[in-house]
Every structure is written in structure tokens, then in C-alpha cells.
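First the structure, in the form of C-alpha cells, and then the observations on it.
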Amino acid sequence: MSESKENVLDPIVSLCKRRGFIFQSSEVYGGFAGFWDYGPMGCELKNNIKSAWWQSTVRLREDVAGLDASIIMHPAIWKASGHLDTFADPMCMCKSCKKLVRADQTWDIFAESAIMEALRPLITDGRADAGKTANWCKGRAKSIAPNLFAVANAETRLPVIFDKIPVCDSAQTLYTLLALPEGAEHVLPCPYCGGEMTEPRPFNMMFKTIVGPVEDQANAAYLRPETAQAIFAQFQNILATSRQQVPFGVAQIGKSFRNEITPRNYTFRSREFEQMELEFFIKPDEAVELIHGNVITLADNPDLAEPQPAWGWEVWHKYWVEQRKNWLIHTVGLPEKSFVEYWQTADELAHYARACVDIQYAFPFGVQELEGIAARSDFDLTQHQTHSGKTMEVFDEALKLACKPMTPEARDAFTQKVEADWTRRGKDPALARQFAATLFEGKYIPHVIEPSAGVDRLALALLCNAYVEETVTDEKGNSEIRTVLRLSPKIAPIKIAVFPLVKNKPELYAKARDVFKKLQRRWNCFWDESGAIGRRYRRQDEVGTPFCVTVDFQTLDDNTVTLRDRDSMQQERISLDALIAKLDDTLL
RNA sequence: GCGAGCGUAACUCAGUUGGUAGAGUGCCACCUUGCCAAGGUGGUUGUCGAGGGUUCGAGUCCCUUCGCUCGCUCCA
């Protein structure tokens, strides 16, 4: 299996280069890792994917508006979103076993064993259960390790740490606990082999640049690592100008940049990539309950065809999972059985996420994520409200009206219910009271469902799915290999190729040019007059052109042409008008 | 970032112990051609990934670098 993994993409990579889908960036200078160029066929393919997404996500809906934001934004955005902190992971490498470990995870492992060591007397005395204590240590280690790491170069902050380690009471104890020689270098041994580790080096995943003429770190800015944050930052502007009301969404397609340590698997993990993201804003469940008296959950087994006002976040999330799957299957033609819907487990979820579904495609190099549909609660908007000082709340007329007749007792009861619920979910109950009070005024920060897809990953998945080498046998019994890209007609780069049956008959040639010009006004067409007709068909098969039209002598008499189908290789005689009607039907 | 392997025409690949590059396919032109890559004639292609070194002479040996593949690692 691991042997066969080698070069599984080769035929596809080769075809993509030969036929102008994908080139290595800067190839004449030896290439540039993690960057790719889309050639004549590739850019048509990508444009078709993007416009199909835009069509179904924005144009065919009334509740989604578009945005095209700048790539470089105020650095504070990345502070608020958390990218500045979590994208700057310092890493250590073991000098002997060469393993790379996130610096805070080294501490993680040490903190765990140190706390365990400190608690051992309790277990020995029989006052604590060994298994439970071990689990507790693991949890504690996770929460204190980042602080331990921070403190490694700032001993003044030690007391902060001690607050979190009740068993410690002095710096001396900490050093003893961690088995560190006092005043020694604060780089820990390798957690795997005990070897010496290098100094932690920052691996910032965000590309940094300087804005303005002065080369000063104070003017540092970043290329966005995701498109989503601009939508949150512009939330109030869009709300004010789009005439939308919650629930509604904002869609954006654009480039994002991540300085990946290891770009691999062709275009799958690139340093520059394109995303299609939707942030769909919904009312918090508490607001839905106040307005409608109940919240529809998945337990109610709701019909997901049309959004309903009383849907809770859970149903909205499921709705978007279904929407996205339908689009993948029916619009861009990814077979249902070629991908899996993976629901992240509780401990895989980011702390602010309530649910996240990964749509994973079975690539030749493994099952990998194509798209994620996350329920991100009100985390992002709240972050930007906190950091910017600008409100991200919306005013909801229906909510205000619903709350108006509520008695003080009813409000108290509701508030207590929210407090209990928040406590159960591990959120600060003190904030619940404030949240409820805001709701009674008809205001809230919307929650968000985020379907986020990678254009390049999807393009690669579609190419992998479409690539077929089939054996064709002619009447004489000769077999040969036919290479075909079975792309969905909607996303195929070229829709129709037009051929004159022969090119040395001026009348026929002119007629074929007329047909070509006529079709070209509607679709991306390709003209080919060279070589035998069969060769021309096969050339189109390799770039996935679904239809070929051949103009022959009969066309001159009755305005009919032969229409050849890519997949079946069957031909039919059809009038030009009927052809246009048929293609309209298939391609729109 | 580390380790291993690899890098010759647009594609797939030859290239013997160092002697200034080949094949097939493709592509282009003309002829031919009445529907599935295989007719005829002619033509096109490379700083042998890049830079440096050894040598009279390097695709071939050495060093550096870039890129690709695999493994480790990472991955909102």
C-alpha cells in the first residue's frame, strides 16, 4: 500500500501539464514550492467551479449577499481572530532523533509528568484513584503548558503559573518539579528519545509584509490566512446596505495564504490558495425561543428543504451540510460515494465551535478534507466587538415585540434557564444574565454557520475523479487506451468543440465557421481543423470537452450536424436549433 | 526544518568506464482524408533543473542551491 502510494498522481499531473491545466509556478526559474499556476484549461475549470458556487450560493438565493475584501487587512483583525497567536507556533527539533515538536507540547508532556509526580503521595496514601488522577493531570497539563512555555523566557511571570498549579508554592518547587537545574537553559529534552532539543524557533503560518515606505516591524501586516475574517469585520456595513436581516449570509471567494511547513500532494496543500466561504448568520437559539416559543432541533426530525423561522443552530448547521453535499453531487458532479461526511468529535472541535463537519474526498494519496461546515457560535463577531470596541449586535424587531409583554417573573425564569444552560455548557453564567437582558431589548450578536471550501482542492478532486483510462476496441478488434476526463459538463473548461469534417472544401469550411461563431457567443468553444476527425475527438476527450460538433456535407443541405458525446462516444444527427436547445438544457 | 531517492525535448523515457545529446509520442505546415488517435511529405524542440569545481574535455565525478517524490513533522 505504501509502495503503491508513490506516484499515484503522476498520470494526472502529467495530463494537467501536457494539456495546460496546471503548471508549476515560476518553472523557468526552477519552480517555487507550494505555488501553482493554472493554464488555459485550468483557469477555465477554476472559473467554472467558482461561478457555479457563486450562482448557487448567492444568485439563486435571496438571503445571501456577496463581498470581495482586501487580502491585506489591519493587523488587529488577526489579533482578534486569534491567528496571530495560534499561527505562530514555536517549534523545537530533537538534535538526535530529528523529531519536530511544538515547543508548548514539550512543556505539555513535562507538565503532565511533573504534576503527576507531585500528586503521587496522594495515590500512595490511597486518598486518590490512580487512573482518575492521571486523567486530571493530562487536563491540567494542557491548560498550563502554554503558560509554562511563556514563562521559560520570563521568570517574572512565575507566580501566575503557580496560581494554576496548586501543588507548587515557589520557583524552587517548580524547578524541582520539572527536574530542571536552576538557571539552566529552559529548553527541555526530547519527549520521545530524551535527546537535546534545539531552541524554539517561531513557525509563523502567516505571510508577513511591510505596509508603507518604512521597513519597520511596527508597520508589519499579514496576507490573510482565510477569507472569513473580512466578512466578520464588515458585518455591520453589509447588514446596513444589503437590506438583509438575520438569518442571512455573506459569501466571498478569494485568495488566502499560509506559509505551510510542508506543501505536499501536488496542489492539495499550497501556500497560496483560493477559498469559497459563506458566513451564514443566524439568531441565537435563545432569541428563537423568545420569538417562537420553541426551538426546532434535529430531534424534531425537520424537513430540511426550506429554512424555517424556528430552526435552532443545530438544524441550520445540518441544513448547510445537506446544501453543500447536494451542490457537490449535482452541480460539480462529485459522486456521493467518493466522499465522506465526517463529524468532528467533541475533543477535536475548536473551543468555540459547537459542531464541525468535514467533507472528505478519497484522493489517490488518502482521504483528505475538501470542505468544512462549522457552527462557530458567536465567537468571531464577539471577538471583533471586544477588540474593536464597535458593536456587532443586531436589533431584531420581532424579538423586541416578543419580549415586550413579558412579565418580570417570566424574564427572571428565562434568565435562570439561560444561566443553567450556560453553566452546563461550561460558559460563564455571569455573562448569561447580561446576554438575557440584551435579548429583552431585542438585541443579540448573531451566531454563524460557516461552510468553507477550497477551490484548488475541489479542482484537484474533480480532476482525480474525472480521470479515466479506458480500453477501446474498434470493429477490427484493435484495442487502445483512451484517456478521458469525465468532468461534469457544467465545469468542463471547453463545452463544445467544432470541427469541419474536411478542411479543403471551402463551402463546408465556411459553414463550419458559421456554426462555431454562433455557438461561441453562448459557450466556451474550441475550433479544430487539423488531423483526422477521430484524432480531434480524442484530443477533446483529454481535456474533458463533453460535446463535439462536426459539420459535414449534409449540413449544407439541411442545417443538421453530428453531435458526439464524450462519455458514450455515440453520435446523433441534430438540427442546429435543437442542438442549442439541448445544450442550454445541459449547461445552464 | 531533518533524512532518503530523483531532476535529460511539451509528455514518457534511452544515454555504455567522463569524448560537445537520442527514440517514441506530441506539436506545426502542406497534401490526403465522408466520423473515433495508426496515410504521405517536410519541419519544430533542449544552456541535460541552476551555480560553482575537478578535467584537455562533464548529461556522466565533487560541492552548493532550487524543485519534485517518499518518510518524520505539521496541518482552522
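Chain A is the first sequence line, chain B the second, and so forth, proteins listed ahead of strands; every chain is numbered from 1. Values below: all heavy atoms of this structure, side chains included; hydrogens, waters and symmetry mates excluded.
- Contact annotation for A:E369: no contact, since no heavy-atom pair falls under 4.0 Å across all strands.
- In terms of polar N and O atoms assigned as donor or acceptor, the side chain of A:T562 comes within less than 3.5 Å of the base of B:rC35 in a complementary pairing.
- Contacts of A:F32 with the nucleic acid, taken as non-hydrogen atoms under 4.0 Å apart, involve only primed sugar atoms and P, OP1 or OP2.
- With both ends at atom C1', the span from B:rC13 to B:rC48 equals 13 Å, rounded to whole Å.
- Between A:F363 and A:Y361, the ring centre distance stays below 6.0 Å.
- Put simply, the side chain of A:D552 and the base of B:rC35 share a donor and an acceptor less than 3.5 Å apart.
- In this structure, A:R564 reaches the bases: a heavy-atom distance under 4.0 Å links it to at least one base atom across the strands shown.
- Between the side chains of A:Q229 and A:S81, no donor-acceptor pair is found at a separation under 3.5 Å.
- Within residues 502-519 of chain A, the residues approaching RNA chain B are A:V502, A:K503, A:N504, by heavy-atom distance under 4.0 Å.
- For the 3.5 Å distance criterion, the side chains of A:Y342 and A:E369 fail to qualify, holding no donor opposite an acceptor.
- Each of B:rG34, B:rC28, B:rG26 was ranked by its minimum atom distance to the side chain of A:R535; first place goes to B:rG26.
- Taking the six-membered ring for Trp and the full ring otherwise, A:F281 and A:F235 have centroids separated by under 6.0 Å.
- Here A:Y352 lies out of heavy-atom contact (under 4.0 Å) with every strand.
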